[in-house]
Amino acid sequence: MNLTDKLELNKYLEDGEFEELILSEDAEQNEYLAARARAVRESVYGKEVYLRGLIEFTNYCKNDCLYCGIRRSNKNAQRYRLSEEEILDCCESGYELGFRTFVLQGGEDAYFTDEKLVPLIKEIKRRHPDCALTLSIGEREKESYQRLYDAGADRYLLRHETADKKHYESLHPSEMSFEHRIKCLYDLKEIGYQVGCGMIIGSPGQEVGHLIKDLRFLRELQPEMVGIGPFIPHHDTPFSDRETGSVDITLRLLSIIRLMLPKVLLPATTALGTADGLGREKGILAGANVVMPNLSPTDVRDKYLLYDNKICTGDEAAECIRCMTLRVQKVGYEVVQSRGDHSNFVKN
Ligand code: SAM
Ligand code: FES
């Protein structure tokens, strides 16, 4: 039996078999992998592509991840944080444009305590009861995650970055703990969030064995969302001279993840669109079913620079959504106005 079929049937794959799928240069095998991933995503979500309105509400961060352009050591980053009013305005304009999920993403900014976030979350949900709210604000304690969930947050994105402890430690300063990051993901699951993890593809020091560990970790955690994108260097980080991660490997991993977790919400990420002008379209054709246009005010867009040459930093939200809708249509799919929940979370 070929490896794609084995994966789709949820059979155990040896490390060597995963490696062959991930690194394959066999065009026929790669096309078959992508075709099965599309078939599986269509059997669960049809041709629908879900929109997430990304609001990058603060670029202050206490962390110092070596790959990240807004790490605290980057003294050249111009720091900003949006006011509650500005965040609510982003949601308002996003709602009018058809977004039904808002993603509040930011650095780990101590300013945003539970006391500040709880009323903000409640107000967003009061104004937009038909929308889902996703948080992506890093590691917190379980009690805090619980408070934010009780206030109305539905989903949480926290990439695990790499499932290999040693590799994790080479990408992060010593005060950051691999165990804590993984614990956060299990805490979020236990509380009842739709949980997203994910890894950077081609981060410095990454070997194919690390990616296989990532895949086994996904099988164990069973996340509702998986965000992956190629590593892209940022000029003011210690990894400024490292190479961008492979788009082809990212695409094959999207297909593999779709086959392993058929119902997963899988974004075609901005990093993929930055590394390759058609990266997001290719991502959708590899089995992705989510896109995340930017809803942040244009005057802060270029300050949330995680990596160099990030796309869409100059466009208004309306322009981003128009552009994404056309790109998605061109490859035969359809952007829909919906919360776009994981199919296990759809309320009847
Ligand atoms: N602070 C939150 C957290 O840690 O989850 C959310 C913001 S963080 C900037 C979002 C994600 O950006 C990270 O999880 C990481 O995977 C990704 N990222 C950061 N720098 C990157 C780079 N140079 N290339 C690709 N992805 C990067
Ligand atoms: Fe905190 Fe990147 S180091 S968001």
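This chain uses plain numbering: 1 for the first residue, then up along the sequence. Note that the structure is predicted; figures quoted are calculated from it, not measured. Atoms within each ligand, like the ligands themselves, are counted from 1 in listed order.
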Any idea which part of L306 is under 4.0 Å from ligand 1, heavy-atom wise: side chain, backbone, both or neither?
both
Under 3.5 Å between any N/O of R159 and any N/O of ligand 1: does that happen in this structure?
yes
In a check of side chain to side chain donor-acceptor pair (under 3.5 Å) between E141 and each of H180, Q146, K183, which one passes?
H180
Residue pair Y168 / E179, side-chain heavy-atom distance below 4.5 Å
no
G106: heavy atom below 4.0 Å from ligand 1, yes or no?
yes
Applying the side-chain contact (heavy atoms from CB on, under 4.5 Å) test to I249, which of L254, I22, I228 qualifies?
I22
Ligand 1-proximal atoms of A271, by part, heavy-atom distance under 4.0 Å
neither
Got more than 12 heavy atoms from elsewhere within 6.0 Å of NZ, K47?
yes
Check this for me: E123, atom CD, are more than 12 non-hydrogen atoms of other residues, nucleotides or ligands nearer than 6.0 Å?
yes
Just checking H172 against Y67, ring centres under 6.0 Å apart?
yes
Looking only at heavy atoms, is any part of Y156 under 4.0 Å from ligand 1, and if so is it the side chain, the backbone, or both, or is it neither?
neither
Tell me if the centroids of the rings in Y111 and Y60 come within less than 6.0 Å of each other.
no
Would you mind running through ligand 1 and noting each atom that sits below 4.0 Å from a heavy atom of L158?
5 (O)
Kindly list each side-chain donor-acceptor pair under 3.5 angstrom involving residues 197-208, sequence neighbours excluded, with atom names and distances?
unit_1 : atom_1 : unit_2 : atom_2 : d
Q206   : OE1    : G202   : N      : 2.5
Q206   : NE2    : I200   : O      : 3.0

Check each of E161, E108, R181, E139 against atom 3 (C) of ligand 1 and report the one with the nearest heavy atom.
R181
Give the atoms of ligand 1, by number and element, whose distance to some non-hydrogen atom of I232 is under 4.0 Å.
22 (C), 23 (N), 24 (N), 25 (C)
Any nitrogen or oxygen of I137, side chain or backbone, less than 3.5 Å from one on ligand 1?
no
Under 4.0 Å from ligand 1, counting heavy atoms only, is it the side chain of P230, its backbone, both or neither?
backbone
Is there a polar contact, in the sense of an N or O pair closer than 3.5 Å, between Y67 and ligand 1?
yes
Enumerated ligand 1 atoms positioned under 4.0 Å from heavy atoms of Y304:
7 (C), 9 (C)
